[in-house]
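Here the structure is laid out as structure tokens; the discussion comes afterwards.
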Amino acid sequence: MPAHPRRARPCDGRGDGGSRRPRRAAHRARPPRRPVVDPPRTARRVRTQRRRRGRPGMSVVPYRFEQTMAAGEVSARWGGLGAGEESGDDVAVAGRVMRSRPQGKLAFAELRDASGAVQLFALRSATRDFDAFTRLRLGDWVGATGQVVRTRRGELSVKVTDWVLLAEARRSFGDKWRGVTDTETRYRQREVDLWANPDSRRALALRSQLVRRMRERLWALDFVEVETPILHPIPGGAHARPFVTHHRALDMDFYLRIAPELYLKRLVVGGFERVFEIGRLFRNEGMSPRHNPEFTTLELYQAYADYTDIMALVEDLVSGLAQDLCGTTSITYQGRPLDFTPPWRRATMAELVAEATGLGANVHTPRETLAAWARERGVQVDERWGPGKLLLELYEKTTEGNLWGPVFVCDYPKEVSPLARVHRDDPLLAERFEPVVAGRELGNAFSELVDPDDQRARFEEQAAQHEAGDEEAMVIDADYLRALEHGLPPTGGLGIGIDRLAMLFADVTNIREVISFPTMRPEA
RNA sequence: GCGCCUCUAGCUCAACGGCAGAGCAACGGACUCUUAAUCCGCAGGUUCGGGGUUCAAAUCCCCGGAGGCGCACCA
């Protein structure tokens, strides 16, 4: 046996120092690589170490394991067992080893599964293949059978009689105390993050519950869940830049949807009076702690309803979800109270801008006055913007970020709301609102524009802006106009950002915390 | 896109112009009740990549990469 077997590597006979160089030269033509976390040679090293210990290896792990009980259930059922007591009941548990403490003729290991954790307690005198058990390491998966007992020191345990390795961990799962904190590693290798950091698991589990409860609540209100296309021949339904892709057989470009809105309203035309869709949207825009290129929304449409009905629905839905997920309608976000208990405040955009700035700005204010006010506050004013767009800019620059809410910001300018119905009391406004919470819009809703002639005119306006260089402006969707000509009843519509909502309930500030695999630039 | 910051062992971090180190993990061993166990031993490095300044660079400078935050963008 060589003195340093784990350093042995393929050698070209040139002796020690030169053995690596030829290999590097062979790689020189490839693009430079930066192994961020765990270079392949580490896996090789660890593999060699494991082999030396004579572990069985992955080739002999079984194809299945009959688990009779989850770890959480063990602690729930035998929580009352006294220290040193034996239950007399055998269980078979499975999970990942999160701690291993061999101690002479005894060995302890913490086994964690999806439901929780339970300790494995092994004895040389009672456990099959005890020596191998003592060599279990952080991250290995095992299945174990034995009696439920509580140790003398008071830890509920499975006293292992038989056990089997289900998978070996060749790579490390981070610092046992501090986990993995590097944000890049956490988002790129979410599987490691999830095992190492309970908060990461909690945030994603909460998101899952959020979507589930949301569906249940909508089903209870007789909403029908539907799925509409993600490949759109024309991007529509929102003001955003799309991703483009190509269909080979049709030899044409498609756009990944920026909103499902137009298709959903066509379903209302078709007779689905209450529809919703929870799905992924794609917007080809900047990324930030609050923006991921692909994100999930709830969008719903309710026939015979207007935007005030939708406000009531939003209050009810969001406060109900807070109750479901946090146990209260009055939560804490980033250390500040956030009370979703209905009713929420309703205020017009003009009122809120006046509160924030003292300016009597509204959609009827002369354009030049609005432009001057906006410029004073750092807005780069485009000459083509009308008073509506200027008011919106003013609102976003001065007001929105300071609204803690929840508050319904009502009555947006018609000019910036091409799919919303004109306000019944003011021809320059639209019946549109955004629920704003913690300085961010949570959604967007309106009394839907149902008049095909008006819609055509708005599309033409948008198309003109598109022609003039606004790549985010909409284009004319003839299919949608034809659908409207068949008759869309009065309808209230809503879109809510699921990721944003999950951030509030999970009390996190980065959208990536509630996305399982956030968009990242490739490493190499 | 712009600005500021970060990048060192598998993980978490020191070293801040003078021999690249620690804790944990891993690896070999001791231990019959561990809980961030303890003890003994061993090993592990392209200091993100490239270039420059210097007798000497992880450290200073330049270029590039990835990431974080802020701004812009995102009605």
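Letters A, B, ... are given to chains in the order of the sequence lines, protein chains preceding strands, and every chain is numbered from 1. This one's a predicted model, so the numbers in the text were calculated from it and none came from an experiment. Values below: all heavy atoms of this structure, side chains included; hydrogens, waters and symmetry mates excluded.
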My understanding is that a pair needs two contacts under 3.5 Å, Watson-Crick or G-U wobble. By that rule, which nucleotide pairs with rU32(B)?
none
Suppose you measure atom C1' in rG21(B) against the same atom in rG45(B); what distance do you get, rounded to whole Å?
11 Å
Ser172(A) side chain: which of rG10(B), rC33(B), rC74(B) is closest?
rG10(B)
To the nearest angstrom, how far is Leu106(A) atom CG from rA30(B) atom P?
15 Å
Do other residues, nucleotides or ligands put more than 12 heavy atoms under 6.0 Å from the CZ atom of Arg257(A)?
yes
Considering only atom C1', compute the distance from rA20(B) to rA15(B) and round it to an integer number of Å.
7 Å
What's the gap between rA14(B) and rU47(B) when it is taken at their C1' atoms, as a whole Å value?
12 Å
May I ask you to check whether Asp89(A) and Gln147(A) show a side-chain donor-acceptor distance below 3.5 Å?
no
Report the relative orientation of the aromatic rings in Phe433(A) and Tyr307(A); use parallel for angles under 30°, tilted for 30 to 60°, perpendicular for over 60°.
tilted
Whole-angstrom distance between rU35(B) and rG49(B), as gauged at atom C1':
43 Å
Please work out whether the ring planes of Trp141(A) and Trp195(A) are parallel, tilted or perpendicular, with thresholds of 30° and 60°.
perpendicular
Out of rG67(B), rG70(B), rC74(B), whichever nucleotide has its closest atom nearest the side chain of Pro289(A)
rG70(B)
Please state whether the phosphate of rC33(B), meaning OP1 or OP2, lies under 4.0 angstrom from any side-chain nitrogen or oxygen of Gln103(A).
yes
Could you list the residues that satisfy side-chain hydrogen bond (donor to acceptor under 3.5 Å, both in side chains) with Tyr187(A), not counting sequence neighbours?
Glu513(A)
With a non-hydrogen cut-off below 4.0 angstrom, is Gln119(A) in contact with a base, only sugar-phosphate, or nothing?
base
Opposite nucleotide pairing with rG64(B), Watson-Crick or G-U, both atom distances under 3.5 Å
rC48(B)
Asp470(A) has an atom CG; how far is it from atom P of rC73(B), in whole Å?
13 Å
Quote, to the nearest angstrom, the C1' distance that separates rA58(B) from rC24(B).
22 Å
Touch class at under 4.0 angstrom, heavy-atom based, for Arg99(A) against every strand present:
base
Presence of salt bridge, Arg290(A) and Glu285(A), under 4.0 angstrom:
no
Does Thr151(A) reach a base, just sugar-phosphate, or nothing at all? Heavy atoms under 4.0 Å.
base
Expressed as a whole number of angstroms, how long is the span from Met98(A):CE to rC11(B):P?
16 Å
Any base atoms under 4.0 Å from Phe173(A), or only sugar-phosphate, or nothing? Heavy atoms, all strands.
nothing
Can you check the Ile511(A) CD1 to rC74(B) C1' distance for me, whole Å?
12 Å
Nearest-angstrom distance, C1' atom, rA57(B) to rG50(B)
15 Å
Are Glu393(A) and Lys389(A) ion-paired here, with the side-chain N under 4.0 Å from a carboxylate O?
yes
Does Glu396(A) reach a base, just sugar-phosphate, or nothing at all? Heavy atoms under 4.0 Å.
sugar-phosphate
Looking at rA25(B), I'd like to know if its phosphate oxygens (OP1 or OP2) sit under 4.0 Å from a side-chain N or O belonging to Lys176(A).
yes
Base, sugar-phosphate alone, or nothing: which one does Arg432(A) contact when heavy atoms must sit under 4.0 Å apart?
base
Report the residue (Arg521(A) or Gly237(A)) whose heavy-atom-nearest nucleotide on RNA chain B is the more 5′ of the two.
Arg521(A)
So that I can tick it off, tell me whether Arg124(A) and Asp131(A) are bridged by a salt bridge, with the cut-off set at under 4.0 angstrom between side-chain N and carboxylate O.
yes
Report which part of the nucleic acid Lys397(A) touches: base, sugar-phosphate, or nothing (heavy-atom distance under 4.0 Å, all strands).
sugar-phosphate
Quick one: which of rG67(B), rC69(B), rC74(B) gets closest to the side chain of Arg440(A)?
rC74(B)
Base-pairing assignment for rC24(B) (Watson-Crick or G-U wobble, both under 3.5 Å)
rG10(B)
Which base, if any, makes a Watson-Crick or G-U wobble pair with rG70(B), both distances under 3.5 Å?
rC2(B)
Between rU12(B) and rA25(B), how many Å separate the two P atoms, rounded to a whole number?
15 Å
What's the CZ-P distance between Arg135(A) and rA26(B), to the nearest Å?
13 Å
Whole angstrom is fine here: how far is it from CZ in Arg186(A) over to P in rC69(B)?
11 Å
Determine: side-chain N/O of Arg283(A) to OP1/OP2 of rC74(B), distance under 4.0 Å, yes or no.
no
rU35(B) C1' sits how many Å from Phe121(A) CZ, rounded?
14 Å
What's the gap between rC13(B) and rA72(B) when it is taken at their P atoms, as a whole Å value?
31 Å
For rC69(B) and Asn510(A) - does any side-chain N or O of the residue sit under 4.0 Å from the phosphate oxygens OP1/OP2?
yes
Without decimals, in angstroms, what is the distance between Lys159(A) NZ and rC33(B) P?
14 Å
For a quick check under 3.5 Å, do Thr398(A) and Arg377(A) share a side-chain donor-acceptor pair by atom type?
no
Any side-chain heavy-atom pair from Asn444(A) and Tyr412(A) closer than 4.5 angstrom?
no
What are the atom names and distances for every N/O pair under 3.5 Å that joins the protein to nucleotides 12-14 of chain B?
unit_1	atom_1	unit_2	atom_2	d
rU12(B)	OP1	Thr181(A)	N	2.9
rU12(B)	OP1	Thr181(A)	OG1	3.4
rU12(B)	OP1	Asp182(A)	N	3.0
rU12(B)	O3'	Thr181(A)	OG1	3.3
rU12(B)	O2'	Arg178(A)	NE	2.9
rU12(B)	O2'	Arg178(A)	NH1	2.9
rU12(B)	O2'	Arg178(A)	NH2	3.3

Mapping Gly174(A) and Lys105(A) to their closest nucleotides on RNA chain B, which lands nearer the 5' end?
Gly174(A)
